[in-house]
Every structure is written in structure tokens, then in C-alpha cells.
Amino acid sequence: MTSQRTRQRLIERLRKKGIRHQAVLEAMRNTPRHIFVDEALASRAYEETALPIGHGQTISQPYTVARMTEALLEAGVPEMVLEIGTGSGYQCAILAQLVRRVYSVERISALLDQARLRFRELGLRNIRLKHSDGGIGIPEYAPFDGILVTAAPLGLPQTLLDQLAVGGRLVIPIQSEKGQVMVRVTRTSDGFQQEHLESANFVPLMGGMI
């Protein structure tokens with residue numbers, strides 16, 4: 001289940017689904033997804049499916065992680081990225097192999113503690129974690145060249161838009177009456193440009209801390 005052959009099959013599936021960014025594919029190939037889920041689910045870690053990680057949260061399916069990462073990096077590699085929703089830590093681990101520094105916020109302390117141990121096991125030292133309400137972001141380290149949100153708010157959070165550098169990109173799923181859509185927002189010198197990427201299916205973005 002953890003063999004190179006298993007991981008290579010995952011990469012081939014991602015290519016067939018349209019992922020083209022070679023560095024993203026390499027990061028996905030090099031990251032042991034099975035350590036980010038409970039041992040009982042490890043045999044399913046490389047399937048194209050979301051899996052529960054406890055506390056009502058999930059680890060996103062591999063395609064979703066690859067697509068969001070690719071959307072963030074397509075126009076150039078950002079130096080400083082803010083992730084909202086550390087969760088299992090899998091998305092953060094992918095980002096950490098591709099950018100200089102990742103700041104990640106998680107509202108559930110138990111998930112944050114588990115993610116911290118996984119990053120230590122993988123030797124990822126360019127990640128800074130914070131236990132906080134994700135909707136607040138981390139204004140003290142703003143502006144960010146990229147922001148990636150792994151849960152769906154009802155609209156674009158102005159607080160996060162304000163923390164985006166000019167030229168920076170925000171990749172986020174947004175909840176609407178018709179369902180969720182993944183969008184990419186680019187900050188320009190005089191405002192924001194928004195692109196709809198594809199439909200999405202994320203847990204809702206919750207406020208508060210536990």
C-alpha cells in the first residue's frame with residue numbers, strides 16, 4: 001500500500017485528470033499520504049477519495065489537493081503561503097515542498113498537534129503553525145503571496161483578501177445556493193480578479209476554536 005508502484009499509479013491518475021505541473025506531481029509522489037490518516041484507513045490512502053480524520057473533518061482527495069496547489073502555482077511560485085485549515089497536514093506538507101515558507105492555521109487543537117508530529121517525522125521545517133480561527137488568517141505575517149483555503153465559506157472573506165499581496169493569489173472553495181465552486185482570486189494594483197475553476201466539495205469553514 002505504500003510502495004512506489006502504488007504512488008506511481010496515483011500520479012498517473014492525476015495526469016489523466018489534467019494535472020500538468022511537474023513539481024506538484026513530484027511532491028505528491030514523494031509524500032506518504034498513508035501517514036496522514038488513521039492506521040485503519042491506511043490501505044485506502046492512495047485512492048481517489050476523501051477520508052475522515054476525526055472531529056468532523058476530512059483529508060481531501062488527492063486530485064483536489066493537486067488541483068488547488070497547481071492553481072496556486074500556475075502563474076509563478078509564491079514565496080510565502082498562508083493555508084487556512086491545517087487538518088491532517090497533507091495539503092500543508094505538499095505546499096512545504098514547493099514554496100519557501102508555509103503558515104497554516106487550524107481551529108482544532110487536536111488536529112494541529114497530530115499534524116505537527118507528522119511534519120517533524122517528514123523533516124519539514126519551513127512550516128509555522130497557529131491554533132486560531134481560520135477566518136482571521138494571520139495578519140501579523142501578511143501580506144502573503146498565496147493563500148489556500150481548505151474549507152468553504154459562504155463568500156470571499158474580506159479579512160483574507162486584505163492579507164493578500166499585490167500579485168498574490170487566493171485559491172478557495174465558496175459555498176453558494178447552487179453548490180460549491182473553487183475559485184482563484186488574484187490581487188491587482190487596483191482590485192481583485194476572480195476566476196471560477198471547477199465545482200468543489202469541502203467541509204464548511206467554521207469559526208471559533210476548540
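Keep in mind that the numbers below use all heavy atoms, side chains included, and drop hydrogens, waters and symmetry copies.
- Between Glu74 and Arg169 there is no salt bridge, since no side-chain N of the basic residue sits under 4.0 Å from a carboxylate O of the acidic one.
- Ring pair Tyr46/His34 is tilted by interplanar angle, where 30° to 60° counts as tilted.
- Listed for the Glu70 side chain is a donor-acceptor partner under 3.5 Å among the backbone atoms of Arg20.
- Arg107 has its side chain out of reach of Asp133: every pair of non-hydrogen atoms, C-beta onward, lies at least 4.5 Å apart.
- Between the side chains of Thr31 and Gln97, at least one donor N or O sits under 3.5 Å from an acceptor N or O.
- To the nearest 0.5 Å, atom OG1 of residue Thr69 and atom CG of residue Leu95 are 5.0 Å apart.
- The closest side-chain heavy-atom distance from Pro52 to Leu41 is below 4.5 Å.
- Considering only heavy atoms from C-beta on, Ile172 comes within 4.5 Å of Pro157 through its side chain.
- One finds the CD atom of Gln175 at 9.0 Å from the CG atom of Asn201 (value rounded to the nearest 0.5 Å).
- In this structure, the side chains of Arg67 and Ile19 come closer than 4.5 Å at one or more pairs of heavy atoms.
- Between the OG1 atom in Thr86 and the CG atom in Leu111 there is a gap of 8.5 Å [rounded to 0.5 Å].
- The pair Arg118-Glu121 does not meet the salt-bridge criterion, since no charged nitrogen lies less than 4.0 angstrom from a carboxylate oxygen.
- For the pair Leu98/Val77, no side-chain contact is recorded, criterion being any heavy-atom separation below 4.5 Å from C-beta on.
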Lys130/Glu140 under salt bridge (charged side-chain N to carboxylate O under 4.0 Å, His left out): CA gap, chis, key distance, verdict: CA-CA 12 Å; Lys130 183 173 183 179; Glu140 60 267 34; 2.8 Å; yes
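- Residues Glu83 and Thr150 have side chains in contact (heavy-atom distance under 4.5 Å, counting atoms from C-beta outward).
- Looking at Glu48, its side chain does come within 3.5 Å of a backbone N or O of Tyr63 through a donor-acceptor pair.
- Counting heavy atoms from C-beta on, the side chains of Asp145 and Val99 never come closer than 4.5 Å.
- Both Leu164 and Tyr103 are members of a single hydrophobic cluster when ILVMFWY side chains are connected at heavy-atom separations under 4.5 Å.
- A distance of 9.0 Å separates CZ of Arg100 from CG of Asn126, quoted to the nearest 0.5 Å.
- In this structure, CZ on Arg128 lies 13.0 Å from CG on Leu82, to the nearest 0.5 angstrom.
- Taking the side chain as every heavy atom from C-beta outward, Leu122 and Ile35 approach each other to under 4.5 Å.
- Side-chain N or O atoms of Gln163 include one that pairs as donor or acceptor with a backbone N or O of Ile138 at under 3.5 Å.
- Atom CG in Leu148 sits 4.0 Å away from atom CE in Met68 (nearest 0.5 Å).
- Between Phe36 and Phe119, the two ring planes are tilted [angle within 30° to 60°].
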